[in-house]
Amino acid sequence: MNHQDRQAEAGQSDPALRARAIESLLLEKGLITRAAVDAVAATLENDVGPLNGARVVARAWSDPEYKRRLLADGNAALEELGLTAPTEFIVMENTDHVHNMIVCTLCSCYPWTVLGLPPTWYKSPEYRARVVIEPRTVLAEFGVHLPALTQIRVWDSTAETRYMVLPRRPAHTEDWSIDDLVTIITRDSMVGAAVIADPAGSKTRP
């Protein structure tokens with residue numbers, strides 16, 4: 001099953017259907033407006049996150065001491081940037097030899113305040129089941145092909161603990177500012193379902 005099929009299947013899950021039914025009922029009774037719903041969704045997607053997570057990653061790439069603090073105590077490092085996580089927040093660093101991925105096998109626990117709304121595929125039963133068994137295959141379906149010697153580690157979020165991936169910094173960005181770096185950091189890379197491509201040849205400084 002490809003990525004688009006997974007999205008379509010997940011989109012028809014019972015929780016999604018219930019959410020749409022509740023939204024329709026509230027709209028029908030005039031308790032909320034479509035504009036209000038769209039505004040909340042836009043805030044979560046664009047303002048709350050994943051821009052927040054991108055700011056954290058860009059700061060860690062640019063400041064070795066902040067990176068050290070982030071990996072040692074994620075919650076304290078978030079507070080330095082005016083951000084908070086309601087649970088224990090742990091950041092796992094991707095390296096030349098290790099690639100990390102995040103999942104929640106029991107439900108869909110996710111660091112909303114840092115990454116915004118969870119992607120549909122993250123909540124799908126198929127992703128939750130398969131990524132712990134065959135992560136390399138799942139990554140390949142997302143278009144990520146890692147060297148055979150790269151170790152893949154999957155971290156299972158819980159109600160008490162949330163994870164975020166610190167992606168590898170791509171080459172040819174050494175002189176980029178934090179604001180420039182933020183523009184290339186994606187939500188999927190902070191979940192571990194994507195890598196950030198070397199911008200050389202496709203773009204220079206944003």
Side-chain angles (χ1 to χ4, degrees), residues 1-13 15-16 41-42 44-46 48-58 60-61 90-105 107-112 114-157 162-174 176 180-206:
M1 180 180 295
N2 61 32
H3 181 43
Q4 288 76 19
D5 290 337
R6 288 200 308 276
Q7 286 186 312
E9 179 180 300
Q12 296 303 315
S13 64
L44 289 171
E45 291 175 352
N46 302 314
V48 174
L51 181 60
N52 284 339
R55 287 171 50 210
V56 172
V57 171
W61 283 351
I90 299 175
V91 179
M92 308 306 301
E93 181 184 12
N94 283 351
T95 68
D96 291 342
H97 306 292
V98 176
H99 182 90
N100 297 282
M101 298 184 73
I102 300 170
V103 69
C104 180
T105 56
C107 51
S108 56
C109 293
Y110 185 83
W112 286 53
V114 184
L115 298 185
L117 293 172
T120 302
W121 52 261
Y122 182 87
K123 299 180 287 184
S124 71
E126 184 182 10
Y127 174 80
R128 288 156 44 198
R130 292 183 58 215
V131 74
V132 297
I133 299 171
E134 49 181 3
R136 191 174 296 274
T137 300
V138 172
L139 279 172
E141 292 174 5
F142 279 106
V144 178
H145 302 279
L146 300 174
L149 294 180
T150 300
Q151 181 182 4
I152 301 175
R153 298 176 181 171
V154 180
W155 302 90
D156 194 357
S157 298
R162 301 288 194 276
Y163 293 95
M164 186 183 84
V165 173
L166 176 60
R168 291 175 58 196
R169 181 173 182 167
H172 304 104
T173 61
E174 293 80 3
W176 288 27
D180 289 341
L181 291 170
V182 164
T183 66
I184 63 171
I185 299 166
T186 65
R187 177 203 60 199
D188 288 3
S189 70
M190 294 182 282
V191 176
V195 296
I196 301 173
D198 182 344
S202 60
K203 64 188 295 186
T204 54
R205 189 186 306 277

Would Asp188 and Trp121 satisfy side-chain contact (heavy atoms from CB on, under 4.5 Å), going step by step from the backbone distance to the final call? CA-CA 11 Å; Asp188 288 3; Trp121 52 261; 3.6 Å; yes
How close do [X] and [Y] get, counting heavy atoms only, and between which atoms?
X: Val114; Y: Asn52; result: O-CB, 3.6 Å
X: Arg162; Y: Pro111; result: CD-N, 3.8 Å
X: Ile184; Y: Pro170; result: CD1-CG, 3.8 Å
X: Ala193; Y: Val144; result: O-CG2, 3.5 Å
X: Val103; Y: Tyr122; result: C-OH, 3.4 Å
X: Gly192; Y: His99; result: O-NE2, 2.8 Å

Under the side-chain contact (heavy atoms from CB on, under 4.5 Å) criterion, do Tyr127 and Met101 qualify, and how do the steps go? CA-CA 11 Å; Tyr127 174 80; Met101 298 184 73; 3.9 Å; yes
Identify, with sequence neighbours excluded, every residue that meets side-chain contact (heavy atoms from CB on, under 4.5 Å) alongside [X].
X: His172; value: Asp198, Ala200
X: Gln151; value: Val98, Arg153
X: Val91; value: Leu70, Leu71, Phe89, Met164, Leu166

Could I get the full list of side chain to side chain donor-acceptor pair (under 3.5 Å) partners for [X], not counting sequence neighbours?
X: Thr150; answer: none
X: Arg187; answer: none
X: Ser157; answer: none
X: Arg128; answer: none

Could you work out, with ring pair (Phe, Tyr, Trp, His ring centres under 6.0 Å) as the rule, every residue matching Trp155, not counting sequence neighbours?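 Result, ring pair (Phe, Tyr, Trp, His ring centres under 6.0 Å) vs Trp155: Tyr163.
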Give, for atom [atom1] of [X] and atom [atom2] of [Y], the distance between the pair rounded to the nearest 0.5 Å.
X: Leu115; Y: Thr186; atom1: CG; atom2: OG1; answer: 10.0 Å
X: Thr183; Y: Leu51; atom1: OG1; atom2: CG; answer: 10.5 Å
X: Leu146; Y: Leu139; atom1: CG; atom2: CG; answer: 5.5 Å

Salt bridge (Lys or Arg N to Asp or Glu O under 4.0 Å) contacts in which one or both residues fall within residues 94-104, not counting sequence neighbours: Asp96-Arg168
Test: salt bridge (Lys or Arg N to Asp or Glu O under 4.0 Å). Region: residues 131-140. Which pairs qualify, not counting sequence neighbours?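 Matches after skipping sequence neighbours: Arg130-Glu134.
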Where do Thr173 and Trp61 land on the side-chain contact (heavy atoms from CB on, under 4.5 Å) test, with the steps shown first? CA-CA 10 Å; Thr173 61; Trp61 283 351; 5.6 Å; no
Can you tell if the side chain of Val132 reaches within under 4.5 Å of the side chain of Asp156, non-hydrogen atoms only? no
